[in-house]
Protein chains: 2
Amino acid sequence: MELAEAKQKFIEAWGKLGSEWGINRTMAQVHALLLVSPEPLTTEEVMENLNISRGNANMTLRDLMGWGLVEKQHKAGERKEYFFADKDTWNIARQVAKERRKRELDPVLKILGELTKVEGDQKDPEFKTFNQSITDINKLAKNVDKTLDTMLKAEESWFWASIFKIFR
Amino acid sequence: MELAEAKQKFIEAWGKLGSEWGINRTMAQVHALLLVSPEPLTTEEVMENLNISRGNANMTLRDLMGWGLVEKQHKAGERKEYFFADKDTWNIARQVAKERRKRELDPVLKILGELTKVEGDQKDPEFKTFNQSITDINKLAKNVDKTLDTMLKAEESWFWASIFKIFR
DNA sequence: CTAAACTTTCAAAATTTTTTGAAAGTTTAG
DNA sequence: CTAAACTTTCAAAAAATTTTGAAAGTTTAG
């Protein structure tokens, strides 16, 4: 397989995975493109490479910076901005986990916390089932949250070594 | 807060979380509704409760069965089908993890595997960066895959006990 | 058999999400 | 200052996804 074709496949696959997990396909594709680019790229280059408009490229690059996955660079004597992706996979994973927790998990955790406090008659099957489900989901969510906390602070090698020590 | 209001909030929150993670909002809402229903519900009841059409309710319920989260039940002497959700949170988590791995992670893992085999000149920065990124992502993905494997086979209490034994 | 009671299908409509592109905004070289 | 170089914004258009509902299909009681 040619390098150019391989890059293309990676960009497609990353875009598809992203969109399946609720990440804008274009954002995932731009991220993929930057991940396989040794040098920082300009907005212009991103536009050409992925056939997207200036507006789209600009917004997507800013989103990626908002996610902490990409940073702006400047070249001496040049006016335009260059964009460079952090290539450290563990950093990427932590950053994504951190953002998604903040944006999507935390709000649900807050609501679940409130819902566990709803009072009612344990003799009422409607209440009992509601209460049981909410309580159980809340417990699981809190365990996930605690594990994410550890992961966010952890070094990659230590994290996986620890995991596989028990899980073989 | 009233039970009815609390149910509504849960259904909304679950639907929102689902849609943020690439799960059809209605599917997540139907699942939420069944999770807080002590008795199995008919298609009719799901339609009324969530204000959705018959076609939508039917397709969504079948999808939920496809995900292994809901099962059909029949009442003696009755012709219509009743739907009941497994309320065991750990089962739900495992089932979702299992399906998403099969549908979304495995295909990407396959592609990454192929892409790690692409050959090129290590002196070429384009190739070197591509190769490094793909190799790293592949490694991470494999570690996630292995961990999921363990989780899928594990008992809940054992799993979390093991996790928290190392992580603190 | 047959008609009532249900379930399934899927093309078209509605809705939501994403993208475009041109105008407005900003920065800086000269 | 001012005009060129570049970035940002956002209303409108396009695309993707989801939903509807009525027709077709299936099952079973009588």
Side-chain angles (χ1 to χ4, degrees), chain A residues 11-34 40-67 70-84 100 103-104, chain B residues 11-34 40-67 70-84 100 103-104:
Chain A
I11 291 169
E12 259 174 52
W14 208 236
K16 180 154 171 282
L17 184 66
S19 76
E20 286 166 343
W21 285 75
I23 301 290
N24 179 298
R25 172 181 260 108
T26 299
M27 175 164 144
Q29 287 181 335
V30 171
H31 188 218
L33 173 63
L34 292 174
L41 301 183
T42 61
T43 303
E44 207 76 37
E45 288 170 316
V46 170
M47 288 166 61
E48 277 168 27
N49 229 298
L50 300 176
N51 271 293
I52 61 177
S53 70
R54 182 173 306 283
N56 198 0
N58 180 271
M59 289 176 120
T60 299
L61 285 165
R62 277 189 312 118
D63 281 351
L64 282 168
M65 290 193 294
W67 278 74
V70 164
E71 58 176 32
K72 240 185 240 185
Q73 290 192 351
H74 288 279
K75 291 203 177 175
E78 286 202 50
R79 208 124 152 227
K80 54 176 168 279
E81 296 171 330
Y82 285 79
F83 299 91
F84 189 74
R100 299 207 75 160
R103 296 168 194 229
E104 299 144 10
Chain B
I11 290 170
E12 259 173 51
W14 208 236
K16 181 156 169 282
L17 184 66
S19 76
E20 286 166 344
W21 286 76
I23 300 290
N24 178 299
R25 172 180 259 107
T26 299
M27 174 163 144
Q29 287 181 336
V30 171
H31 189 218
L33 173 63
L34 292 174
L41 301 183
T42 62
T43 303
E44 207 78 36
E45 288 168 317
V46 170
M47 287 165 61
E48 278 168 28
N49 228 298
L50 301 176
N51 269 293
I52 61 175
S53 70
R54 182 174 305 283
N56 198 0
N58 180 271
M59 288 175 120
T60 299
L61 285 164
R62 278 187 313 119
D63 281 352
L64 283 167
M65 291 193 293
W67 278 74
V70 164
E71 58 176 32
K72 242 185 238 184
Q73 289 193 353
H74 288 277
K75 290 203 178 175
E78 288 203 47
R79 202 120 155 232
K80 53 177 168 276
E81 296 171 331
Y82 284 80
F83 299 91
F84 189 75
R100 298 207 76 158
R103 295 169 194 227
E104 299 144 9

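Being a predicted model, the structure only gives us computed values, none of them experimental. Residue numbers begin at 1 in each chain, while the letters A, B, ... track the order of the sequences.
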Quiz item: Any side-chain N or O of Asn58(B) less than 4.0 Å from the OP1 or OP2 oxygen of dT7(C)?
Solution: no
Practice problem: Tell me, with the steps shown, if Lys16(B) and Glu20(B) meet salt bridge (Lys or Arg N to Asp or Glu O under 4.0 Å). | Solution: CA-CA 6 Å; Lys16(B) 181 156 169 282; Glu20(B) 286 166 344; 3.4 Å; yes
Quiz item: Of Glu81(A) and Met59(A), whose nearest nucleotide on DNA chain D comes first from the 5' end?
Solution: Glu81(A)
Quiz prompt | Length of the line joining Glu20(B):CD and dT17(C):P, which is rounded to integer Å | solution = 10 Å
Practice problem: State, to 0.1 Å, how close Glu45(B) and Pro40(B) come at their nearest heavy-atom pair, and which atoms those are. | Solution: OE1-O, 4.2 Å
Quiz item: Can you find an N or O donor on one side and an acceptor on the other, under 3.5 Å apart, linking the side chain of Arg79(A) with the base of dT27(C)?
Solution: yes
Quiz item: Quick one: is dT19(C) close enough that its OP1 or OP2 comes under 4.0 Å of any side-chain N or O from Asn24(A)?
Solution: yes
Self-check item: Nearest-nucleotide 5' precedence on DNA chain D, Thr43(A) against Thr60(B)
Solution: Thr43(A)
Exercise. Establish, with yes or no, whether the OP1 or OP2 oxygen of dT18(C) is under 4.0 angstrom from a side-chain nitrogen or oxygen of Thr26(A).
Key: no
Quiz item: Which one is paired to dT15(C), where only Watson-Crick or G-U wobble pairs with both distances under 3.5 angstrom count?
Solution: dA16(D)
Quiz prompt | Gap between atoms CE and P, on Met65(A) and dT7(D) respectively (whole Å) | solution = 10 Å
Practice problem: Tell which nucleotide pairs with dT26(D), taking only Watson-Crick or G-U wobble pairs whose two distances are both under 3.5 angstrom. | Solution: dA5(C)
Practice problem: Provide the closest heavy-atom pair for Glu104(B) versus Leu17(A) in the form atom of the first, atom of the second, distance. | Solution: O-CD1, 3.6 Å
Quiz item: Should Leu33(A) and Trp14(A) count as side-chain neighbours, where that means a heavy-atom distance under 4.5 Å?
Solution: no
Practice problem: Determine the contact category for Arg62(A): base if any of its heavy atoms lies under 4.0 Å from a base atom, sugar-phosphate if only primed atoms, P, OP1 or OP2 are that close, otherwise nothing. | Solution: sugar-phosphate
Quiz item: Between Arg25(B) and Ile52(A), which has a closest nucleotide on DNA chain C that is more 5'?
Solution: Arg25(B)
Exercise. Round to a whole Å and report the spacing from CG of Leu61(A) to P of dT19(C).
Key: 13 Å
Quiz item: Using purine N1 to pyrimidine N3 plus N6-O4 or O6-N4 for Watson-Crick, or N1-O2 and O6-N3 for G-U wobble, both under 3.5 Å, which nucleotide pairs with dC10(D)?
Solution: dG21(C)
